[in-house]
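Below, read A as the first sequence line, B as the second, and so on, with proteins coming before strands; counting in each chain starts at 1. Side-chain atoms are counted along with the backbone in the values below, which use heavy atoms only and exclude waters and symmetry mates.
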Protein chains: 2
Amino acid sequence: MNKCDCALCEFRTIVFEDLSSNEIYSVCGYKTEKNYKKGDVIIREGSQINDFLYLKSGLVKLYKLSKDGKDQIISIAKPLDFVSLVSIFSDKTYNFSISAIEDSTVCSVDLKFIKELISKNGNFALNIMQKMSRNFDNIINNTFNLQKKHLRGRIAHILLFFANEIYKNNEFELPLSRKEIAQLIDMTTENVIRILSEFRQDKLIEIHGKNTIIINLNKLNSIAEHG
Amino acid sequence: MNKCDCALCEFRTIVFEDLSSNEIYSVCGYKTEKNYKKGDVIIREGSQINDFLYLKSGLVKLYKLSKDGKDQIISIAKPLDFVSLVSIFSDKTYNFSISAIEDSTVCSVDLKFIKELISKNGNFALNIMQKMSRNFDNIINNTFNLQKKHLRGRIAHILLFFANEIYKNNEFELPLSRKEIAQLIDMTTENVIRILSEFRQDKLIEIHGKNTIIINLNKLNSIAEHG
DNA sequence: TTTACAACATGATAATTATCATAAAATATT
DNA sequence: AATATTTTATGATAATTATCATGTTGTAAA
């Protein structure tokens with residue numbers, strides 16, 4: 001049983017809190033850690049599901065090919081999020097892809113081993129269900145909320161998402177291209193570009209090279225909420 | 001340990017297949033069965049989650065209040081479906097409502113008891129996760145697919161859904177009002193009515209009183225797929 | 001450095017959808 | 001049965017969004 005730092009990993013408090021010390025050590029034997037550069041594909045849609053994945057650091061997008069051949073982004077996962085959707089427990093192959101949108105480190109634990117743990121340790125099972133359940137809820141709520149906002153509201157929402165939830169800062173480098181933002185909030189690339197320009201002209205944001213700065217948080221909030 | 005028919009219930013093969021005979025019998029003690037008339041509210045958003053619910057017969061809608069005060073329907077559940085979303089494992093209170101859209105029978109099992117079973121019987125846990133996982137996938141896929149169809153495609157889709165998945169028949173009584181269909185596929189009531197009229201004029205469907213009959217399945221399929 | 005290619009930008013127009021108005025038909029209420 | 005209310009129905013118009021066209025800028029490859 002090789003030594004590893006799983007017992008100390010922050011993620012332990014998220015999913016593995018119900019495991020005994022012995023169990024935690026056994027996780028190490030089935031765990032690998034991998035680094036990805038921005039742009040790297042981590043999982044390709046259609047490939048076999050062998051691992052339980054979670055994001056240690058960085059930022060990734062989960063996306064799938066729609067019938068008209070375009071990618072649509074299902075969600076953005078941040079550190080300590082599951083990178084696998086719950087569907088890893090029902091399917092044999094991934095029905096979505098995962099790519100790094102920032103340099104990322106992904107931990108993967110053999111899925112068979114996780115399933116064994118689940119069947120042996122009921123509290124662990126409940127815990128996983130709870131976490132995945134919350135993940136599901138967030139995706140559903142987000143999708144439904146976005147769906148009925150106008151384009152400006154959606155763009156405001158996504159800017160606030162990056163500022164508040166991801167970077168905790170009003171100045172950040174957008175990790176997604178305009179095209180990707182369009183895929184995430186279901187609109188055309190042209191309109192993403194256009195509305196960001198409008199926001200800049202209206203002095204809600206500033207764009208300096210790759211950096212985006214939110215300069216009128218209140219107005220942006222109100223656009224995200226009401227229009 | 002009172003006798004009940006859980007061991008014979010069709011639902012056993014769906015979720016409870018991994019339970020021992022003893023466990024199945026113990027389910028009986030924590031189970032109640034309730035009948036609802038079309039229109040009855042089964043669960044009201046915000047109320048406490050105490051039970052694990054599944055639909056024995058009938059048809060129900062899961063819906064929630066959106067910020068603008070309108071209901072939006074998340075999904076339609078048919079017999080043997082979970083009526084609870086996965087969120088029952090992460091939340092204390094329901095963040096959605098459930099109503100019968102046809103006369104229905106709902107079985108409810110004490111959630112604490114289910115959680116105990118999960119923690120004692122790992123295979124049961126895995127099985128539940130698998131089922132919920134599939135449920136999640138269906139909702140997500142459906143939502144994303146509908147989202148990028150035009151109004152006519154969405155109406156065609158919903159007609160085919162009732163014909164193929166629910167009633168297994170090209171003639172059926174629509175269980176939802178035009179207004180509810182609008183809430184399910186995110187459009188205005190007027191447009192639902194308008195497009196159903198168009199479909200009737202184009203001889204794709206017939207509407208006789210409460211009954212809807214699909215008379216051009218191929219065309220409807222093609223509209224659902226491509227436009 | 002030149003060349004290619006993708007990302008960003010903006011205007012004009014067409015397509016799609018929502019809103020508003022008005023009314024008939026069906027259903028529920030008194 | 002008479003009255004009110006909801007559901008279905010349809011047209012006209014306004015608002016929203018996509019598409020197409022055309023350029024510029026930035027970035028990667030030869």
Trainee: Output yes when at least one side-chain N/O atom of A/Lys210 is less than 4.0 Å from OP1 or OP2 of D/dT25, else no.
Mentor: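 Result: no.
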Trainee: At under 4.0 Å, does any side-chain N or O of A/Arg152 touch on OP1 or OP2 of D/dT16?
Mentor: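 No.
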Trainee: More 5' along DNA chain D: B/Ile207 or A/His150, using each one's nearest nucleotide?
Mentor: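 The answer here is B/Ile207.
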Trainee: To the nearest angstrom, how far is A/Lys148 atom NZ from C/dT17 atom P?
Mentor: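 One finds 18 Å between P of C/dT17 and NZ of A/Lys148, rounded.
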Trainee: In whole Å, what is the span from the CD atom of A/Gln147 to the C1' atom of D/dT16?
Mentor: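 Answer to the nearest Å: 16 Å.
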Trainee: Between A/Ile195 (CD1) and D/dA15 (P), how many Å, whole number?
Mentor: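 Distance check: A/Ile195 CD1 to D/dA15 P gives 17 Å.
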Trainee: Examine distances only and state if a side-chain atom of A/Arg178 and a backbone atom of A/Val192 form a donor-acceptor pair shorter than 3.5 Å.
Mentor: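 Side chain of A/Arg178 to backbone of A/Val192: no pair is present.
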Trainee: Just wondering, are more than 12 heavy atoms of other shown residues or ligands nearer than 6.0 Å to NZ in B/Lys179?
Mentor: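 Incorrect, the count does not exceed 12.
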Trainee: Does a salt bridge link B/Glu206 with B/Arg200, judged by any charged N lying under 4.0 Å from a carboxylate O?
Mentor: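 Answer for the salt bridge query: no.
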Trainee: Just how far, in rounded Å, is C1' of D/dT6 from CZ of B/Arg178?
Mentor: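 Interatomic distance, CZ of B/Arg178 to C1' of D/dT6: 14 Å.
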Trainee: Just the rounded figure in Å: distance from P of C/dT27 to NZ of B/Lys179.
Mentor: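 Atom NZ in B/Lys179 sits about 17 Å away from atom P in C/dT27.
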Trainee: In this structure, how many angstroms lie between the P atom of C/dC8 and the CD1 atom of A/Ile155, rounded?
Mentor: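 Rounded to whole Å, this separation is 12 Å.
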Trainee: Just to be sure I understand the geometry, which residues of residues 183-193 of chain B put a non-hydrogen atom under 4.0 Å away from DNA chain C?
Mentor: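 Heavy-atom contacts with DNA chain C come from B/Met187, B/Thr188, B/Glu190, B/Asn191.
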Trainee: Let me know the distance between NZ of A/Lys70 and C1' of D/dT19, rounded to the nearest Å.
Mentor: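 Going from NZ in A/Lys70 over to C1' in D/dT19 covers 10 Å.
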Trainee: Which nucleotide wins on minimum distance to the side chain of A/Leu151, given the candidates D/dT17, C/dT17, C/dT10?
Mentor: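 Per side-chain heavy atoms of A/Leu151, the pick is D/dT17.
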Trainee: Could you tell me how far apart A/Glu198 (CD) and C/dT10 (P) are, to the nearest whole angstrom?
Mentor: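 Taking CD of A/Glu198 and P of C/dT10, I get 10 Å after rounding.
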Trainee: Which of parallel (below 30°), tilted (30 to 60°) and perpendicular (above 60°) describes B/Phe172 and B/Tyr167?
Mentor: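 Parallel, since the angle between the ring planes stays under 30°.
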Trainee: Is any side-chain heavy atom of B/Ser104 closer than 4.5 Å to one of B/Leu55?
Mentor: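 When only atoms from C-beta onward are counted, B/Ser104 and B/Leu55 do touch, with a gap below 4.5 Å.
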Trainee: Quick check: on DNA chain D, is the nucleotide nearest B/Arg194 upstream (toward 5') of the one nearest B/Leu176, or the reverse? Name the residue that is more 5'.
Mentor: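 The residue mapped nearer the 5' terminus is B/Leu176.
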Trainee: So, A/Asn50 versus A/Lys112: side-chain donor-acceptor pair below 3.5 Å or not?
Mentor: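 A/Lys112 and A/Asn50 do not have a side-chain donor-acceptor pair below 3.5 Å.
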Trainee: Taking side-chain contact (heavy atoms from CB on, under 4.5 Å) as the criterion, tell me which of B/Leu204, B/Asp202, B/Ile223 meets it with B/Asn216.
Mentor: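 Going through the options one by one, the only one that passes is B/Leu204.
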